[in-house]
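Heads up: the structure comes next, in structure tokens.
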Amino acid sequence: MILSMKQVFSLAIFIAFWELSSVVADGGDVTIVRVSNNLKQGLSFTIHCKTNNKDLGTQVVNPNYYERFKLHRDNAPGSTFLFCKITWRDASILYVLYQDARDFRRRCTTDCNWEVNNENLLGINQYSENQDIIVQWPKN
């Protein structure tokens, strides 16, 4: 069967809109979590993260850099999460940086940005770009 140029063009438009509508409908199936180092005095921090099925290992994040994690959300609603232990000179914390129930379609569907500074661990809302989670460092 030979398609006319008009049929090929129509098919291409249909496929493009089909792909776009599936991404818009569910927000895609990937979430990027970034944890930025905004510590003063040139300090680094270490971060050790795990997902619900994988240990992502320990990374050192130098000043003014970030660590990036790519999460593939599971088919089962509410089952994807990323928890991390963040340690720097003055403090250490274990915290859930991404959890479907808290974050998906509420605060960060595709981009979850976090900031490590000397006072707090800050979560940034993808939609408002405001700091919506503020976790003070526990005293060592």
Side-chain angles (χ1 to χ4, degrees):
M1 172 161 111
I2 298 176
L3 298 175
S4 71
M5 197 60 137
K6 184 178 179 180
Q7 290 171 319
V8 169
F9 182 74
S10 296
L11 182 59
I13 295 292
F14 174 78
I15 291 170
F17 278 109
W18 179 269
E19 290 297 317
L20 179 61
S21 68
S22 68
V23 169
V24 169
D26 71 359
D29 64 350
V30 173
T31 299
I32 302 297
V33 178
R34 286 179 197 84
V35 186
S36 300
N37 182 348
N38 291 334
L39 291 167
K40 295 176 184 168
Q41 301 169 339
L43 296 173
S44 297
F45 68 85
T46 60
I47 185 167
H48 182 190
C49 295
K50 296 181 181 182
T51 66
N52 39 323
N53 58 12
K54 189 173 183 183
D55 186 330
L56 303 175
T58 302
Q59 308 297 324
V60 175
V61 182
N62 292 315
N64 302 311
Y65 285 92
Y66 63 86
E67 187 62 36
R68 178 179 174 267
F69 304 95
K70 186 175 185 178
L71 301 178
H72 294 273
R73 286 192 304 280
D74 295 333
N75 292 332
S79 63
T80 302
F81 63 87
L82 175 73
F83 66 97
C84 301
K85 181 175 184 180
I86 300 170
T87 304
W88 63 286
R89 183 190 69 192
D90 295 344
S92 182
I93 192 171
L94 182 63
Y95 197 78
V96 176
L97 297 183
Y98 181 85
Q99 182 178 20
D100 278 344
R102 179 190 68 199
D103 299 318
F104 185 66
R105 293 191 178 147
R106 290 177 181 83
R107 59 174 306 275
C108 56
T109 300
T110 57
D111 293 298
C112 278
N113 293 304
W114 291 85
E115 174 186 313
V116 172
N117 66 39
N118 294 69
E119 292 79 37
N120 307 297
L121 171 64
L122 302 172
I124 318 290
N125 186 296
Q126 173 182 354
Y127 306 107
S128 69
E129 298 183 7
N130 293 324
Q131 300 168 352
D132 66 340
I133 298 178
I134 301 171
V135 183
Q136 289 188 341
W137 295 108
K139 303 294 180 198
N140 280 348

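Quick note: numbers below take in every heavy atom, side chains included, and nothing from hydrogens, waters or symmetry partners.
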ask   = Is it true that the side chains of Asp100 and Tyr98 contain a donor and an acceptor less than 3.5 Å apart?
value =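 A donor-acceptor contact under 3.5 Å links the two side chains.
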ask   = For residues Asn38 and Ser36, is any side-chain donor paired with an opposing acceptor at under 3.5 Å?
value =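 Absent: no donor and acceptor within the cut-off.
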Can you get from [X] to [Y] by hopping between Ile, Leu, Val, Met, Phe, Trp and Tyr side chains that sit under 4.5 Å apart?
X	Y	value
Leu94	Val96	yes
Val135	Leu43	yes
Phe104	Tyr127	no
Ile93	Val33	yes
Leu97	Trp88	yes

query = Do Ile32 and Cys112 pass the side-chain contact (heavy atoms from CB on, under 4.5 Å) test, and can you show the C-alpha distance, the side-chain angles, and the key distance before you say yes or no?
reply = CA-CA 6 Å; Ile32 302 297; Cys112 278; over 6 Å; no
Drop me the distance from [X]'s [atom1] to [Y]'s [atom2], to the nearest 0.5 angstrom.
X	Y	atom1	atom2	answer
Leu82	Phe69	CG	CZ	6.0 Å
Leu122	Ile133	CG	CD1	10.0 Å
Asp132	Arg107	CG	CZ	4.0 Å
Glu67	Cys49	CD	SG	8.0 Å
Cys84	His48	SG	NE2	9.0 Å
Glu115	Arg34	CD	CZ	14.0 Å

Can you confirm whether [X] sits close enough to [Y] that some side-chain heavy atom of one is under 4.5 Å from a side-chain heavy atom of the other?
X	Y	answer
Val116	Val35	yes
Ile124	Asn130	no
Gln41	Arg89	yes
Asn37	Phe45	yes
Leu56	Thr51	yes

task = List the steps, then state whether ring-ring contact (aromatic ring centres under 6.0 Å, His included) holds for Tyr66 with Trp114.
result = CA-CA 9 Å; Tyr66 63 86; Trp114 291 85; over 10 Å; no
query = Can you check whether Tyr65's main-chain N or O pairs, donor with acceptor, with Asn62's side chain at less than 3.5 Å?
reply =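 Answer holds: no.
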ask   = Any donor and acceptor pair, going by atom type alone, linking the side chain of Asn117 with main-chain N or O of Leu39 inside 3.5 Å?
value =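 Not at all, since once roles are kept as given, no pair shorter than 3.5 Å links the two residues.
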request  = Would you name the heavy atoms of Pro138 and Ala91 that are closest together and state the gap between them?
outcome  =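 Of all heavy-atom pairs spanning Pro138 and Ala91, the closest is O-CB, 3.9 Å.
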key: For Cys108 against Thr31, the heavy-atom pair lying closest together   =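 So the two residues come closest at O-CG2, 4.1 Å.
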message = What verdict does the side-chain contact (heavy atoms from CB on, under 4.5 Å) test give for Thr46 and Gln59, after you've listed the backbone C-alpha separation in whole Å, the side-chain angles of each residue and the deciding distance to 0.1 Å?
response = CA-CA 6 Å; Thr46 60; Gln59 308 297 324; over 6 Å; no
ask   = If you draw a 6.0 Å radius around CD in Gln136, do more than 12 non-hydrogen atoms from other residues or ligands fall strictly inside?
value =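 No, CD of Gln136 has 12 or fewer neighbouring heavy atoms, counting only those of other groups under 6.0 Å.
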query = Gln126 pairs by side-chain hydrogen bond (donor to acceptor under 3.5 Å, both in side chains) with which of Thr109, Thr110, Asp103?
reply =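 Testing each of Thr109, Thr110, Asp103 against Gln126, the sole residue satisfying side-chain hydrogen bond (donor to acceptor under 3.5 Å, both in side chains) is Thr110.
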